[in-house]
Amino acid sequence: MNTSSIKILAIAITMAFGVSCKREVTKQYAIEEVELYTSASEKKNLKTDEQFISILYSDLFGTAITNTKLQELNQAYTSMGDKSLIIDILIKSMLADPAAQVPTKAAMDAQPESFVETAYKTLLVRNPTKQEEWFLVNQIEKNKTLEPIDIYYTILTSDEYRYY
């Protein structure tokens, strides 16, 4: 064997061992359980603008917002003097997006109690009180033109949604 053959063989052996000796890294993700509030009065902290936007996005789309999208929405959010107006526009535009994960009217009408409970747990991180559940279920059953987006809009624009 000449010197160049030995070098090629040494490189081949090094590459073979280098590839076979690499440890495979497995990433595992898990969803942590979120502890529910027992009442709205436990929420004392106002969400920052960035928290509000990113939580709103993840609540409606079931995924984290990208940094680019967050900066874009935050710029629009902070450029308006009337925060309630931009919150209203932001919520309406997200709810109108076909990718928003809002239950269907059929699902809401079929099981209004379950719909209300899930909406409260998802958006307000608590169970509805008996009075809140009774009122919304009653509205769903009496008003056949009421859409899930209407309930979501009401919850998302509430003062409670601004707090954690």
Student: Within the structure provided, determine whether I91 and Y152 are in side-chain contact (heavy-atom separation under 4.5 Å).
Tutor: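 Sidechains of Y152 and I91: no contact.
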Student: Working note: L156 + L95, criterion side-chain contact (heavy atoms from CB on, under 4.5 Å); need CA distance, chi angles, decisive distance, verdict.
Tutor: CA-CA 10 Å; L156 293 171; L95 285 171; 4.3 Å; yes
Student: Side-chain polar contacts of residues 132-140 - donor-acceptor pairs under 3.5 angstrom, sequence neighbours left out - could you list them?
Tutor:
| unit_1 | atom_1 | unit_2 | atom_2 | d |
| --- | --- | --- | --- | --- |
| E132 | OE1 | R126 | NH1 | 3.0 |
| E132 | OE1 | R126 | NH2 | 3.3 |
| E132 | OE1 | T129 | N | 2.8 |
| E132 | OE1 | T129 | OG1 | 3.2 |
| E132 | OE2 | R126 | NH2 | 2.8 |

Student: Measuring only between side-chain heavy atoms, which start at C-beta, is M108 closer than 4.5 Å to P148?
Tutor: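 Answer yes - side chains close enough.
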Student: Between Y163 and K44, is there a cation-pi geometry (under 6.0 Å to ring centre, at most 45° from the normal)?
Tutor: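 Here K44 fails the 6.0 Å and 45° test against Y163.
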Student: For the atom pair CG (L60) and CE (M94), what is the distance rounded to the nearest 0.5 Å?
Tutor: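 Spacing of CG (L60) from CE (M94) equals 7.0 Å.
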Student: Rounded to the nearest 0.5 Å, how far apart are OH of Y120 and CD1 of I155?
Tutor: 5.5 Å
Student: Looking at CD1 of I86 and CD1 of I53, how far apart are the two atoms once the value is rounded to the nearest 0.5 Å?
Tutor: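 It comes to 8.5 Å.
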Student: With a sphere of 6.0 Å drawn around NZ of K130, does it hold more than 12 non-hydrogen atoms of other residues, nucleotides or ligands?
Tutor: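 No, not enclosed.
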Student: For S84, give me all partners under side chain to side chain donor-acceptor pair (under 3.5 Å), at least two apart in sequence or on another chain.
Tutor: D82
Student: Once side chain to side chain donor-acceptor pair (under 3.5 Å) is applied, do any residues pair with D159, and if so which ones, sequence neighbours excluded?
Tutor: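 Once residues adjacent in sequence are excluded, D159 has no partner under the side chain to side chain donor-acceptor pair (under 3.5 Å) criterion.
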Student: Within the structure provided, determine whether S158 and L123 are in side-chain contact (heavy-atom separation under 4.5 Å).
Tutor: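 Contact flag for S158/L123 side chains = no.
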Student: Using modelled atom types and a 3.5 Å cut-off, is there a donor and acceptor pairing between side-chain atoms of T122 and backbone atoms of A119?
Tutor: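 Checking the backbone N and O of A119 against the side chain of T122, no donor-acceptor pair under 3.5 Å is found.
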Student: Can you find a pair of side-chain heavy atoms, one from Y77 and one from K83, that are under 4.5 Å apart?
Tutor: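 Yes, side chains in contact.
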Student: Which residue pairs pass the side chain to side chain donor-acceptor pair (under 3.5 Å) test with at least one member in residues 60-72, sequence neighbours excluded?
Tutor: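 Listed by first then second residue: nothing to list.
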Student: How many angstroms lie between CG in D49 and CZ in R162, if you round to the nearest 0.5 Å?
Tutor: 6.5 Å
Student: If the condition is side chain to side chain donor-acceptor pair (under 3.5 Å), which residues does Y153 pass it with, not counting sequence neighbours?
Tutor: D88
Student: I need the L146 CG to D150 CG distance, nearest 0.5 Å.
Tutor: 5.0 Å
Student: Please list all pairs meeting side chain to side chain donor-acceptor pair (under 3.5 Å) that have one or both residues in residues 97-106, counting only residues at least two apart or in different chains.
Tutor: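 Applying side chain to side chain donor-acceptor pair (under 3.5 Å) to every pair that reaches into residues 97-106, excluding sequence neighbours, yields K105-D109.
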Student: Would you please classify the geometry between the Y161 ring and the F52 ring as parallel, tilted or perpendicular, with 30° and 60° separating the classes?
Tutor: perpendicular
Student: NZ of K47 to OH of Y164: how many Å apart, nearest 0.5 Å?
Tutor: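 Result: 10.0 Å between the selected atoms.
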Student: Flag the pair L73 / I65 as yes when at least one side-chain heavy-atom distance between them is below 4.5 Å, and no otherwise.
Tutor: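 The answer is yes; the side chains approach within 4.5 Å.
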